[in-house]
There are 2 protein chains.
Amino acid sequence: MATIKNVAKKAGVSVATVSRVLNNKGYVHEDTRKLINEAIEELNYKPNEVARSLYKKKSRLIGLILPDIRNPFFPELSRGVEDEMQKHGFRLIIGNADEKLEKESDYIHTFKQNNVIGIISATNHRDLSHYDDLSLPVVLLDRTSDKHPSVSANGFDGGRQAAREIVRRGSKRVTLLKGPAELQAAQNRFKGAVEEMCTLNVNFNVMVTTSFAFDDAEKWAKKLFEEYPDTDGVIASNDVVAAAILHEAHRLGKSIPNDLQIIGFDDIPLSKLLFPPLSTIRQPAYEMGREAADLLIKLITNEKVQEKYIQMPVEFMERQTTRKAEENG
Amino acid sequence: MATIKNVAKKAGVSVATVSRVLNNKGYVHEDTRKLINEAIEELNYKPNEVARSLYKKKSRLIGLILPDIRNPFFPELSRGVEDEMQKHGFRLIIGNADEKLEKESDYIHTFKQNNVIGIISATNHRDLSHYDDLSLPVVLLDRTSDKHPSVSANGFDGGRQAAREIVRRGSKRVTLLKGPAELQAAQNRFKGAVEEMCTLNVNFNVMVTTSFAFDDAEKWAKKLFEEYPDTDGVIASNDVVAAAILHEAHRLGKSIPNDLQIIGFDDIPLSKLLFPPLSTIRQPAYEMGREAADLLIKLITNEKVQEKYIQMPVEFMERQTTRKAEENG
DNA sequence: TTGAAAGCGTTACCAC
DNA sequence: GTGGTAACGCTTTCAA
């Protein structure tokens, strides 16, 4: 690997001058610049990011913490982040925290040690103290806090919409799944649904679920029908759980959406391929990722940001696990 | 951030000695060691990876190139890699190449610039020349080449199994989907299926598909039934495409598996939640990721590796898009 | 058993 | 316009 010294030598100048052309900083004669550029070309020289980072105490890396990329919602999010970061020349170190505080701290630690220039975190822990004394810009994604800028979807509204839609489409014995308690996003959805159900003055059941993992989803689905065999409408805390419920409902011979309506949350790519295609509350995951990246970049470059707490709208995707709305709306 | 100098000062020793205890190298008196460890503790000192990396020309980062994390097969793979790397203290820079050679090169470039210690690549390009003069260990994942160690699944055998199963379960007018031509893994599956069909001496159709993306999958599904409306068995190139076909078949009112059998490939987590649950050829994605990580680590540490070309077995997952096998097997 | 100092590749200050 | 050089935080020789 060629270094700046080699380039300097080849061009017959000092490293200082080479550095100047590299960074487009300070004066350098047009002829010298050309000479240097030729040398760079010939040697196929690429500046060493590590050396740069050491001196400047800033790399071009940013840290991204996810709960678990295997949840299909997160690949979308993370591509949004990556694509936007890419445009600005930043790269990602990604860590899956698995809702383990220790892993999360480990990754943050790694980020610091590698001079990342900022962090985007989509984890679930209530306790964000490990982000406090970081002296690094942090953007929260898919969650909020008053201590850090954030990008999230309007889960509360999503919950309301889900409740409204399922009721107006005729479910009488609705069951709300209350996702993991520590998962702010899930709780907002849940609260929104509860509030709307109360406003609408209709009864409902609540079933507590404590994870979003695929394997657990099936367990919740079974439990749901054991505990509330006569439920005719389910508002799930995300699409994976909704898919599992749909699956279990088929197994029990229920007719969807006639016997049972289901509304999910997220709108993961596969949800439209389910049978019947899943009605769900769409979160604009990819765009959320991009917004978070944008926000972080603005923070990094000290641009003014008008809005530090970005909330994206959600949208009811009518598909076929819900019935047609009755005429009166 | 505390530096080694601060620690040295606090402990009343030189940085050299601190470095020695940090790296457990060379002699250092037990008392001094204790002193230094206390100082480290008190200052909450963490060595700067960047400085280390600059000197040693090796970081603790490894580069992972994926085609697109949104394809549900890859989150599994990448978690396998990440978890295994984690155990050994390595972290991942992840890049999605989107099958664009330029992005791939960009990422490789970034990896080099950041002194990654090795690369795992799961991309599709035939041309691997950009991996050649890297002077870095490279492990290919989900593909092979005689120039680099690799971990892949036995797609050929998978194709054969799929063909065998679909025929013995009674499909007479099988359609084979031939995935993207540049995608080695897809071609192996296809070839295996073709060979088995020939061995079994049964007719079949071939439909060419040129991508694995969600949005395209629906297109292929529609096209399939336009071109081969009477097909009664489909071997799809992966589960996403299979899901789309299943979806389209429902739309057309076909009864699965009676009118049509479908076999996918990958066994993504959602495939068992489809309706009917998807019969598929399982690739052990997570384990493949781990194996690749293991192999790379061995390469890095110059451990002897017995097998540089690891091929993992695949397995037919009988679910309900295929009929029961007839008695004679 | 310990310390001084060179060096990793870069940037930025200060002279010239 | 340009060059010399200290500095970034660490590891490793070499000498003591």
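In what follows, every chain begins at residue 1, and chains take the letters A, B, ... in the order their sequences are listed.
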Just by distance, no angles: are the side chains of Asn124(A) and Glu182(A) close enough, under 3.5 Å, to form a donor-acceptor pair?
no
Using whole Å, report how far NZ of Lys57(B) lies from P of dT12(D).
13 Å
Can you tell me the distance, in whole Å, between the NZ atom of Lys56(B) and the C1' atom of dG9(D)?
14 Å
Any donor-acceptor pair under 3.5 Å from Glu49(A) side chain to Thr110(B) backbone
no
Answer yes or no: is there an ion pair linking Lys112(B) with Asp133(B), defined by an N-O contact shorter than 4.0 Å?
no
Ring-plane angle category for Tyr107(B) and Phe111(B), please: parallel below 30°, perpendicular beyond 60°, tilted otherwise.
tilted
Students should find this one: the first and last nucleotides of DNA chain C, 5' to 3', lying under 4.0 Å from a heavy atom of chain B. What are they?
dT1(C) to dG9(C)
N-O pairing of Glu287(B) and Arg290(B) below 4.0 Å
no
Please report, rounded to the nearest Å, how far the P atom of dC10(D) is from the CG atom of Leu22(B).
8 Å
Is any side-chain N of the basic residue among Lys100(B) and Asp106(B) closer than 4.0 Å to the acidic one's carboxylate O?
no
How long is the line joining CG of Leu54(B) and C1' of dG9(D), in whole Å?
9 Å
Rounded distance in Å - CG (Asn115(A)) to C1' (dC8(D))
10 Å
Within residues 28-41 of chain B, those residues having any heavy atom closer than 4.0 Å to DNA chain D are none
Taking CE from Met1(B) and P from dC10(D), how many angstroms apart are they, rounded to a whole number?
10 Å
